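None of these values were measured; they are calculated from a predicted model. In listed order, ligands and their atoms are each counted from 1.
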Amino acid sequence: MQYIKNYINGELVEPISKNYIDNYDPSRGNVYSYIPDSDEQDVELAYSAANAAFHEWSNTPKDVRSKYLLKIAELIEKNLDKLALAESLDNGKPLKLAKLVDIPRAAHNFNFYGTGILHYAAHAHSMEDSAINYTLRQAVGVAGCISPWNLPLYLFTWKIAPALAAGCTVVAKPSEITPMTAYLLSEICMEAGLPKGVLNIVHGLGGKVGNAIVSHKNIPLISFTGGTVTGKQIASIAAPMFKKLSLELGGKNPNIIFADCDYEKMLHTTINSSFQNQGQICLCGSRIFVERGLYEKFKNDFVALTKKLVVGAPLDDKTRVGAVVSKPHMEKVLSYIELAQKEGGKILCGGKRKILEGEFAEGYYIEPTVIEGLPYNCRTNQEEIFGPVVTIMPFDTEEEVLSMANSVVYGLASTVWTEHLTRAHRMAANIHAGIVWINCWLMRDLRTPFGGVKASGVGREGGFEAFDFFTEPKNVCIKLK
Ligand code: NAD
């Protein structure tokens with residue numbers, strides 16, 4: 001069985017303790033490889049390498065840094081099949097999805113930021129003829145990047161690429177639940193000739209490796225994507241140390257459907273926004289509000305389509321819904337389905353673990369589940385479930401649906417379906433969320449600000465916002481007379 005290694009100072013190395021953790025294949029429920037159980041000693045090694053590389057890397061011309069990133073992008077594209085297979089095996093997601101979305105996006109992240117840095121300019125402020133101010137944007141230092149398991153390589157590279165392009169060196173930790181493609185990325189970086197120490201990848205548990213990165217006294221900025229509870233814990237350590245913090249956290253996104261929407265487009269997109277990646281996308285719309293006049297029709301059609309979704313082995317071409325990522329996560333999602341019933345919800349379809357045949361019998365599969373009859377303010381409708389589970393609720397007025405949509409602690413993304421132009425704008429302005437999709441879902445232009453409000457996070461990723469985060473502005477004032 002394969003032993004994954006850390007990537008420190010340009011080399012693949014074992015954890016100092018020589019201890020390893022089991023890595024599961026969620027489609028079969030068995031251990032298929034081992035992950036370094038690293039600790040603060042490995043983080044210290046990674047930090048030292050990153051720190052030693054910082055001066056040279058941050059002073060390397062942008063176009064040279066850019067070329068390294070573009071080379072990495074090219075190698076990701078070249079290894080698309082291998083990376084997609086690894087992602088699907090590690091995460092349980094359909095191979096088709098990994099091939100179509102996850103891996104191409106990882107390459108795109110490097111391409112986007114590798115070219116973006118060439119266009120990143122600072123400001124100057126002239127005080128007529130008395131003085132001129134200009135702003136230097138300098139790489140902050142060694143960046144700590146910590147990412148989750150739901151879109152493993154996609155989100156890992158979404159942090160690493162802008163950090164490296166901006167001139168930071170990096171100590172990064174992928175999720176211990178899905179480490180494989182981060183490991184393959186370290187091989188790609190070696191092949192691309194990335195100078196040693198520029199990127200360091202330390203595998204292991206959040207409480208050990210993640211915590212050691214967050215509390216390291218010489219790592220001045222942390223870019224984190226993951227759960228809100230973890231984000232809160234990270235902020236409590238990093239804020240008193242005055243670290244720069246970017247927190248991309250959980251969500252409980254509303255999908256608001258008005259009766260005047262383009263029905264067919266809405267219906268098919270809503271299937272995706274509910275169940276793509278087994279509902280394990282922070283941007284999925286898990287609370288579906290439907291205008292009362294359309295409610296019964298929507299319910300019947302949506303449930304009929306949901307029942308047709310093939311739940312199956314990730315490598316099977318027919319599969320639309322693969323395995324959820326782990327046994328504890330499966331149990332958490334199933335416990336929410338139980339809670340929903342206790343709270344008075346009616347299961348319209350799904351609601352159970354799905355047992356596949358043969359070698360997949362122990363895999364972590366859940367039937368796509370639609371629930372109705374719950375009040376907007378019950379726990380099922382307020383807490384993040386992060387699985388193939390949605391609730392549907394009728395509404396009568398714009399004011400009512402806005403107050404229900406905005407009633408949660410989260411504010412990441414939202415979707416509105418209507419052909420009524422001014423209503424669409426009104427809704428967009430009044431929804432508490434960092435992202436509003438009108439008549440679409442998950443359309444991503446990487447130049448746009450990405451992030452949430454309230455308990456969904458602090459700060460924005462995307463476009464030049466990411467470069468602003470990984471650089472520090474320094475104003476230089478020159479007196480002219
Ligand atoms: P998680 O918070 O459990 O873990 C995320 C990462 O943090 C992992 O690498 C983990 O090892 C590490 N970690 C855990 N404890 C830590 C600690 N004490 N200190 C430092 N690091 C620690 O989240 P998860 O279960 O991997 O991911 C699912 C969550 O991520 C969901 O809540 C989802 O909404 C959220 N998410 C948000 C976005 C976004 O862009 N806002 C994107 C994807 C996922």
Worked check of side-chain contact (heavy atoms from CB on, under 4.5 Å) between Glu87 and Ile103: CA-CA 8 Å; Glu87 201 71 294; Ile103 308 306; 4.3 Å; yes
Ring pair (Phe, Tyr, Trp, His ring centres under 6.0 Å) between Tyr68 and Trp57, intermediate numbers included: CA-CA 11 Å; Tyr68 283 112; Trp57 181 250; 5.7 Å; yes
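The closest heavy-atom contact to atom 23 (O) of ligand 1, among the options Gly250, Gly227, Cys145, comes from Gly227. Comparing Gly226, Ser147, Gly210 by heavy-atom distance to atom 8 (C) of ligand 1, the nearest is Ser147.
Under the rule for a salt bridge (Lys or Arg N to Asp or Glu O under 4.0 Å), Asp22 has no partner lying at least two apart in sequence or in another chain. Evaluation of the side-chain hydrogen bond (donor to acceptor under 3.5 Å, both in side chains) rule for Thr178 yields no partner, not counting sequence neighbours.
Within ligand 1, counting atoms from 1 as listed, the ones closer than 4.0 Å to a heavy atom of Pro174 are 9 (O). Each of the atoms 43 (C), 44 (C) of ligand 1 lies under 4.0 Å from some heavy atom of Asn150. Proximity to Asn211 (heavy-atom distance under 4.0 Å) selects the following atoms of ligand 1: 19 (N), 20 (C). If you number the atoms of ligand 1 from 1 as listed, the ones under 4.0 Å from a heavy atom of Trp149 come out as 24 (P), 25 (O), 26 (O), 27 (O). For ligand 1 and Lys173, the ligand atoms under 4.0 Å from any heavy atom of the residue are 9 (O), 10 (C), 11 (O), 12 (C). For ligand 1 and Phe450, the ligand atoms under 4.0 Å from any heavy atom of the residue are 40 (O). Those atoms of ligand 1 that come under 4.0 Å of a heavy atom in Leu412, given as number and element, are 41 (N). The contact set between ligand 1 and Glu248, taken as ligand atoms under 4.0 Å from a residue heavy atom, comprises 37 (C), 39 (C), 40 (O), 41 (N).
The side chain of Leu155, and not its backbone, has at least one atom closer than 4.0 Å to an atom of ligand 1 (non-hydrogen atoms only; side chain from C-beta on). Only the side chain of Glu176 comes within contact range of ligand 1, with a heavy atom under 4.0 Å; no backbone atom does. Using a 4.0 Å cut-off between heavy atoms, Ile146 contacts ligand 1 through its side chain alone, with no backbone atom that close. When heavy-atom distances to ligand 1 are checked against a 4.0 Å cut-off, Leu151 has no atom that comes that close, whether in backbone or side chain.
Partner Phe275 forms a side chain to side chain contact (heavy atoms under 4.5 Å, CB included) with one of Ile281, Leu305, Val370 and no other, that one being Val370. For the ring-ring contact (aromatic ring centres under 6.0 Å, His included) with Trp149, the qualifying choice from Phe386, Tyr24, Tyr154, Phe156 is Phe386, the only one to do so. Remark: of the listed residues Asn211, Val214, Ile213, Ile213 is the sole one forming a side chain to side chain contact (heavy atoms under 4.5 Å, CB included) with Val43.
Atom 36 (N) of ligand 1 is flagged as protein-proximal [any protein heavy atom, distance under 4.0 Å].
In this structure, atom 39 (C) of ligand 1 lies nearest to the protein heavy atom Cys282 SG, 3.4 Å. Phe224 CE1, 3.2 Å is the protein heavy atom nearest to atom 7 (O) of ligand 1. With respect to atom 27 (O) of ligand 1, the closest heavy atom belonging to the protein is Pro148 CB, 3.3 Å. Of the protein's non-hydrogen atoms, Thr230 OG1, 2.6 Å is the one closest to atom 2 (O) of ligand 1. In this structure, the protein non-hydrogen atom closest to atom 28 (C) of ligand 1 is Phe386 CE2, 3.7 Å. In terms of protein heavy-atom proximity, atom 41 (N) of ligand 1 is nearest to Leu249 O, 2.7 Å. Among all non-hydrogen protein atoms, the one lying nearest atom 13 (N) of ligand 1 is Gly206 CA, 3.3 Å. Looking from atom 32 (O) of ligand 1 to the surrounding protein, the closest heavy atom is Glu384 OE1, 2.6 Å.
Residue Gly452 places every heavy atom at 4.0 Å or more from ligand 1.
Looking only at atom types and distance, the side chain of Asn23 has a donor-acceptor partner in the side chain of Asp90 under 3.5 Å away. Inspection of the Glu372 and Thr391 side chains reveals no N or O donor paired with an N or O acceptor under 3.5 Å. A donor atom on one side chain and an acceptor atom on the other are found under 3.5 Å apart for His216 and Glu44.
Taking the six-membered ring for Trp, Tyr7 and Tyr183 have ring centres at least 6.0 Å apart. The aromatic ring centroids of Phe467 and Tyr120 lie less than 6.0 Å from each other.
A donor-acceptor pair is defined here as one N or O able to donate and one able to accept, closer than 3.5 Å; no such pair exists between the side chain of Ser246 and the backbone of Ser223.
In this pair, Tyr3 and Tyr20 present their aromatic rings perpendicular. The plane angle is above 60°, beyond the 30 to 60° band.
For the pair Arg105 and Trp158, the cation-pi criterion (under 6.0 Å, within 45° of the ring axis) is fulfilled.
In terms of polar-atom proximity, Thr225 is not counted as a contact of ligand 1, lacking any N or O under 3.5 Å from an N or O of the ligand.
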